[in-house]
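Single-structure report; data block below.
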Amino acid sequence: MKSTIILVLILLLTAGAMAQKPVSEQLADTAMNRIWVDDRNQPGIPAKWTYEQGVVHKAIQAMWYATGDAKYFNHIQKGMDYWIDEKGNHKDYKVDEYNIDHITPTTSMLMLYRATGNEKYRKMVELARTQLRTHPRTNEGGFWHKKIYPYQMWLDGLYMGQPFYAEYSMFFGEDNWNDIANQFVWMEKHSRDPKTGLLYHGWDESKQQKWANKTTGQSPHFWGRAMGWYAMGLIDVLEYFPQDHPRRSELIAILNREAAAIEKVQDKKSGVWWDILDLGGKEKNYLESSASAMFVYALARGVREGYLPERYMKVATTGWAGIKKEFIKTNTQGQTDWEGTVSVSGLGGNPYRDGSYDYYMSEKLRTNDAKGLGPAIRAALEIEAYEKGWPAKGKTVLLDDYFNHEIRRGKLGTDEVWHYKYNELLDSGFSIFMNTFRTMGGKVGQLSTAPTEANLANASVYIIVDPDTEKETANPQFVGPNNVKAISEWVKKGGVLALFGNDGQNAELDKFNTLSETFGIKFNKDRKFEVLNNDYRMGRVMIPAGNSIFPNTKEIYIKEVSTLSLSKDAKPVLTVNGDVLIAMAKYGKGSVFVIGDPWLYNEYTDGRRLPAEYENFKAAQDLGRWMIAQSKGNK
């Protein structure tokens, strides 16, 4: 009897602890620890190279960005290291299979290369790029789904290949943007039903397949997850597609057409979507969880990024409420389960899948299927961010790329700009901090020219980090009187300026001071909090309760910082042993934040280096919220 009571109490405590976690974290725990469990003792790692691992990893990567918790990065790294040796040789990847699905997990290899610089990951990235260079195509130029499915494009394939293709093109500077845009344009052209706006699952250019309409080449039905893959593919590609490319608007227009079609077939009673989208309520048809999660993710992120009108958040939140009711369950052990994902649905093959309604209804449903869990985690993160508010919606945050413009010879043999950049995932990057503003609904960018009244006009926040010295850059751009005038006038009108300096040995501070002293703050050009041999305790700083900028942060790490002197109306934000480390000032309608260190670069915010007790990631979130709150209006 006593043991039974103890067991019940343990289960209740477990369930209570899980209930306190955000849904995104509950689902991520399931994805990392409770799928692909077998005698290999490698939970969270499938037994073969599969797109499903890439789907989950993209969600786990989003968890890493959202929390700054290195356990998520470590899970991805462990999952990819399982497949390659130290030289980057893969044990289960064959280019000549020409399976577009095999590209998907390589997005994790690309992220790992960008974050670590380890060449073993790049070797795998280049292998996937080689596949795309030689992958069979339709006569028009669309990628075949697989070599075993000649002349066929499936909606699924747009997610499987194009996000990797886009991120690779952005990072390595390849101009493949027309090719990427064409994949979506051609797929929509050949699969879209003009009456409903829905997209058929597949298209056979040759019209030879039994499932293909002999006139159009289209498959017979609108399969929910297929349209979900296509929507997610669009969203993920737009993250990397150049802002000024003329064809970006085509992709956004396609997304808007799909969103309108998705809205029309949302089930009115449950709020989620049916497996065969236009046949809701038909015998054997069912509410399907992976498609529902994909739609919620794509719609919510589409609104947050400004691709879709605000009204689609009603569709997304209704869908999420239905998802929580229909598909997210707690099992008898108090663990979170994801229900209602169809195991697979395809066309052709052996045994042959004819694309009929009966075929789709014959496929089995699974609990905790990766194809549902991955999108569900991403949907949860989007809704959780929305529920916290999007205070940066309609606002733009610019990171300076003019005063700080260090150039080095990169591993590709060409010059590259690096150090404190918003899309730089290395330790030296500012990607984690800048992502804070995106999560709040803002837009981020870099200003690579001298600041002027014109190019600052649409910015709400302008961040300058560690201005160059002559040792760092051949022709550094020093702060001059015209820069001071343009920036101070912009602040006076309501802009928020953040100046991240450095110690006197590692930054140009004399001319930088001509800017900061306009607001009553001076870098002292000294060097406090020196840290030796990564003894992090030497950089430990406590933040008193009630701090106006960092209300949720208790303990931070900071090293080799220039202290500050204050005049005029400037005020200290953080003082240690009589030294001002952080200060702020009001100036006209605007605000200025100053610290004598780059501080919030990835090395000290992404969780991979600092011990867990240091809350630099939380400080970055606090600071981001403060900056946005101080900025005036929708810029």
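Residues take their numbers from the sequence shown, with the count starting at 1. Not measured: the values here are computed from a predicted model.
With Trp229 as the fixed residue, the ring-ring contact (aromatic ring centres under 6.0 Å, His included) test singles out one of Trp223, Tyr159, Trp154: Tyr159. Checked against Tyr601 for a ring-ring contact (aromatic ring centres under 6.0 Å, His included), the options Tyr420, Phe433, Phe430 give a single hit: Tyr420. Only one option out of Asp337, Thr336, Thr30 pairs with Asn368 in a side chain to side chain donor-acceptor pair (under 3.5 Å); it is Asp337.
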Checking side chain to side chain contact (heavy atoms under 4.5 Å, CB included) for the pair Asp101/Thr50: CA distance, chi angles, key distance, verdict?
CA-CA 7 Å; Asp101 291 351; Thr50 170; over 6 Å; no
Give the C-alpha distance, both sets of side-chain angles, the deciding distance and a yes or no for salt bridge (charged side-chain N to carboxylate O under 4.0 Å, His left out) between Lys21 and Asp29.
CA-CA 10 Å; Lys21 294 181 179 179; Asp29 287 346; 2.8 Å; yes
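Of the possible polar contacts, none joining the Asp267 side chain to the Val272 backbone as a donor-acceptor pair under 3.5 Å is found. Between the side chain of Gln266 and the backbone N or O of Val315 there is at least one donor-acceptor pair closer than 3.5 Å. A distance-only check finds a donor-acceptor pair linking the side chain of Ser219 to the backbone of His201 [under 3.5 Å]. Remark: side-chain polar atoms of Ser289 are paired, donor with acceptor, to backbone N or O of Gly340 under 3.5 angstrom. Thr341 places no side-chain N or O within 3.5 Å of a backbone atom of Arg366 that could act as its donor or acceptor partner. Within the 3.5 Å criterion, the main-chain N or O of Ala291 finds no donor-acceptor partner in the side chain of Arg225. Asn602 places a side-chain N or O within 3.5 Å of a backbone atom of Ile432 that can act as its donor or acceptor partner. At distances below 3.5 Å, not a single donor-acceptor pair connects side-chain atoms of Glu424 with backbone N or O atoms of Ser431. Looking only at distances, a side-chain donor or acceptor of Thr138 sits under 3.5 Å from a matching main-chain atom of Gly141. Judged purely by atom type and a 3.5 angstrom limit, Glu384 uses its side chain to pair as donor or acceptor with the backbone of Val23.
The closest side-chain heavy-atom distance from Glu188 to Tyr230 is below 4.5 Å. At least one side-chain heavy atom of Ile328 sits less than 4.5 Å from a side-chain heavy atom of Trp320. For the pair Ile463 and Met434, the minimum side-chain heavy-atom distance is below 4.5 Å. A heavy-atom distance below 4.5 Å is found between the side chains of Ile252 and Leu238. At least one side-chain heavy atom of Gln183 sits under 4.5 Å from a side-chain heavy atom of Leu158. No side-chain heavy atom of Trp36 sits under 4.5 Å from any side-chain heavy atom of Pro43. For the pair Gln131 and Tyr93, the minimum side-chain heavy-atom distance is below 4.5 Å.
Taken from OG1 in Thr134 to CG in Asp96, the straight-line distance is 9.0 Å, to the nearest 0.5 Å. Between the CG atom in Leu373 and the CD1 atom in Ile35 there is a gap of 6.0 Å [rounded to 0.5 Å]. Between the OG atom in Ser292 and the CG atom in Leu287 there is a gap of 7.0 Å [rounded to 0.5 Å]. Taking NZ from Lys94 and NE2 from His102, the interatomic distance works out to 8.5 Å, rounded to the nearest 0.5 Å. Within the model, atoms CZ of Arg137 and CG of Asn182 stand 9.0 Å from one another, a figure rounded to the nearest 0.5 Å. Here His245 contributes atom NE2 and Ile180 contributes atom CD1; the two are 9.0 Å apart, rounded to the nearest 0.5 Å.
Residues Trp64 and His75 keep their aromatic ring centres 6.0 Å or farther apart. Between Trp144 and Tyr98, the gap from one ring centroid to the other reaches at least 6.0 Å.
Under the 6.0 Å distance and 45° angle rule, Arg192 does not count as a cation-pi partner of Tyr200.
Contact check on Asp278 versus Lys264 returns no salt bridge, with no Lys/Arg side-chain nitrogen under 4.0 Å from an Asp/Glu carboxylate oxygen. Salt-bridge annotation for Glu119 and Arg122: present, with a side-chain N of the basic residue lying under 4.0 Å from a carboxylate O of the acidic one. For Glu250 and Arg247, the salt-bridge test passes: some basic side-chain N is under 4.0 Å from an acidic carboxylate O. With salt bridges taken as basic N to acidic carboxylate O contacts below 4.0 Å, one links Glu140 and Lys189.
What you find for Ala293 and Ala379 is that their closest heavy atoms are O-CB, 3.6 Å. Nearest heavy-atom pair, Lys78 versus Ile45, reported as atom, atom and distance to 0.1 Å: O-CD1, 4.0 Å. Nearest heavy atom pair, residue Arg304 against residue Arg438, reads NH1-O, 2.8 Å. Between Leu110 and Tyr168, the shortest heavy-atom distance links the atoms CD2-N, 3.6 Å. The two residues Asp369 and Trp338 come nearest to each other via the heavy atoms O-CD1, 4.4 Å. Shortest non-hydrogen contact noted between His145 and His135 is O-NE2, 4.3 Å.
For the residue pair Gln53 / Trp83, a side-chain donor-acceptor distance below 3.5 Å is found, with atom types taken as modelled.
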